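This is the structure I have questions about; it appears just below.
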Amino acid sequence: MSNTVASPSRSGVFDSAADKRVEQFTESVSFDQRLYAHDIQGSIAHANMLADVGVLTGDEAASIEATLLEIKQTIDDGEFATSISLEDIHMHIEQELIDKLGDVGRKLHTGRSRNDQVSTDLRLWLRDALDHIDQALSSLQKSFVGRCAQDADTILPAYTHLQRAQPVLANHYWLAYTEKFQRDRERIADCRKRVNTLSLGAAALAGTSIPIDRENVAKRLGFELVAANSIDISSDRDFVLEAAFALSVISTHLSTWAEEWILWKTVEFDFIDLPHEFCTGSSIMPQKVNPDVLELIRGKTARSIGNLQTLLVLVKGLPLAYNRDLQEDKPALFDIVDTVIACLEIAAPLVAGATLKTQSINARIEEGYLDATSLMEYLIQLGIPQRSAHHMVGSLVGEAAKRGVQLAELPIEEFAKLDPKLDDNVLGVLGVKNAVGAFKSYGSTAPEQVKAQIEQWKSRLGLS
Ligand code: ARG
C-alpha cells in the first residue's frame, strides 16, 4: 500500500514497487521540471473548469488554485526538491498538492491524463518560447536595419560561386538578411497557430465520461482551437516538429550570415571589423582576434539540425496514440529552443556593433569587373541582342584583363570596334557607382529601391 503513495501511477494492480534501475531509467523530472509553471497554469484552468461544470465545488477549486500557486512560489524560489521516485514534474506537483490538501488534491486529476498534461504543458511552454523567439528575431532585424544609416554610401561586391559578381549597396545585404528573418517570423507565427491548440481532455486517448467543458479550458488558457479527435491529439507531436523545423531554418540563416562575416573578417577580404567584446584571442598567437562567436553560431546550427532529426526519427513508426518514446521529445525541443535563442541574442549586438572597413573595401571595389553585366545591359538597351552583347562584353573584359585595366579605362575605340553605336556615353554605366545607379527593377539594389525598402522596414519594425 505504501507503494501507492510513493508512486501514484502504480495502482493496486502492481504487486511490487518499481526496480530502482527502472525508476532511474524512466524518469523525466530531471528535464521536464522546466515545465512546472505551465503545468500549474494548466492545472488551475482544469480545476476551475471542473468547478464550472459542477464536478468540483467552487471552494475545492479555489483551494486547489491557491495551493498550486503556493507550490509555484516554492519552485520559483528554488525550494522544491525533486526525486526520481516521482517520475516527472506533473506527478511532483500533484503529489505536493495531495500532501497539502488531502482528498481535495486527489480530485484534481479527474477527467485528464498525464499524456494530456504533457502535451498541454508543452504547448503552453512552446507558445511562450515562440513569442520569445519572435522578439529575438525582431531585435536582430532592427540591428540590420539600424545599420543602414551608417552604411548608406558603401558599395560591396556581391558574389556567386564566391566569385565577384555584381556591385550592391551594403544596405541591400542588410535587407537581404532582414527578409530571411521575416520569413522565419512568419513560419513561427504559422506554427504557433497549431501549437496553440487545446489537447487537454483527450484523457488517456479516447476522451472521458466526466462532463468536462473543453471550450472553457481553452478560453482560460488562451488556446485558439480545441483539438477535435482525442486519438489524434494524444499522439500528436507535429507542433514540436514544425517548431524544430522553423528553428532549424533560423539556424541556417544565422549560419549563412556568420560564415559570410567570418570570410569578411579575414585579411584576404578585410571588409569588416568586429567589436573586440565579441571576439576571442589565441593562447599562443598574440596577434589573433578571432570571430569565435560567429564560428559557434555556425557550429550550433549542427545542434539545431541534429535536434530536428532526432524529433523526426522519434515519431517515425509510432503507432497511435501515446507511446513513452514521446518523453524523449523534450530534451531535443528544449535544446533547439535554447540554442536558437542564445544565437539570436548574441547576434543582435554583434550585427549592430560591427564596422565596415570602407577604406579597404573601396581600395579593391573596382576589381573583378563588377560592372560587366551593367555594360551588357546597356548594349541591350542600344538594340544589341542579349547573346551578342554578352559575347561582346566578354571580349572587352578579356582585353581589359590583358592590359591590366578596368573596363572604364579601355580606349573608347575598343568599344566602337565592336559596334559603331558605342561612344563615350558608355562610361555612364561603368565603374561600380554607375553600375549600381543603373539598376531599376523592383527588389534590385537600385538606390531608390533600397531607400524605399529601408523606410518600409523602419516603419514595420517600429524604428523612427
Ligand atoms: N513522463 C512522461 C512523459 O513525459 C509522462 C507520460 C505519462 N503517460 C504514461 N502513459 N506513462 O511523457
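Remember, it's 1-based here, ligands and their atoms both numbered in the order they're listed. From a predicted model like this one, the values you see are computed outputs, not experimental measurements.
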Report task. Would you verify whether the NZ or CZ of Arg114 falls within 45 degrees of the ring axis of Tyr322 while also being under 6.0 Å from that six-membered ring's centre? Result ->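 No; the conditions do not both hold, so Arg114 does not lie above the ring face of Tyr322.
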
Quick one: ligand 1 N/O to protein N/O pairs below 3.5 Å?
unit_1, atom_1, unit_2, atom_2, d
ligand 1, 1 (N), Ser28, OG, 3.0
ligand 1, 1 (N), Glu87, OE2, 2.8
ligand 1, 1 (N), Asp88, OD2, 2.8
ligand 1, 1 (N), Gln327, OE1, 2.9
ligand 1, 8 (N), Asn115, OD1, 2.7
ligand 1, 10 (N), Asn115, OD1, 3.4
ligand 1, 12 (O), Tyr322, OH, 2.6

Report task. State whether a side-chain donor-acceptor pair under 3.5 Å links Ser43 with Arg112. Result ->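 Short answer, yes.
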
Query raised in the report: Using a distance-only test with no angle check, is there a side-chain donor-acceptor pair under 3.5 angstrom linking Arg220 and Asn216?
Result: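 Yes, side-chain donor-acceptor contact under 3.5 Å.
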
Query raised in the report: Sequence neighbours excluded, which residues qualify as side chain to side chain contact (heavy atoms under 4.5 Å, CB included) partners of Val240?
Result: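 Val240 satisfies side chain to side chain contact (heavy atoms under 4.5 Å, CB included) with Leu122, Arg237, Leu311, Asp329, Leu333 once adjacent residues are dropped.
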
Query raised in the report: Does the ring of Phe334 carry Arg34 above it, NZ/CZ under 6.0 angstrom from centre and within 45° of its axis?
Result: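 The answer is yes; both the distance and angle limits are met.
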
Requested in this report: Answer yes if the ring centres of Phe269 and Tyr159 are under 6.0 angstrom apart, and no otherwise.
Outcome: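 Ring-ring flag for Phe269/Tyr159: true, centres closer than 6.0 Å.
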
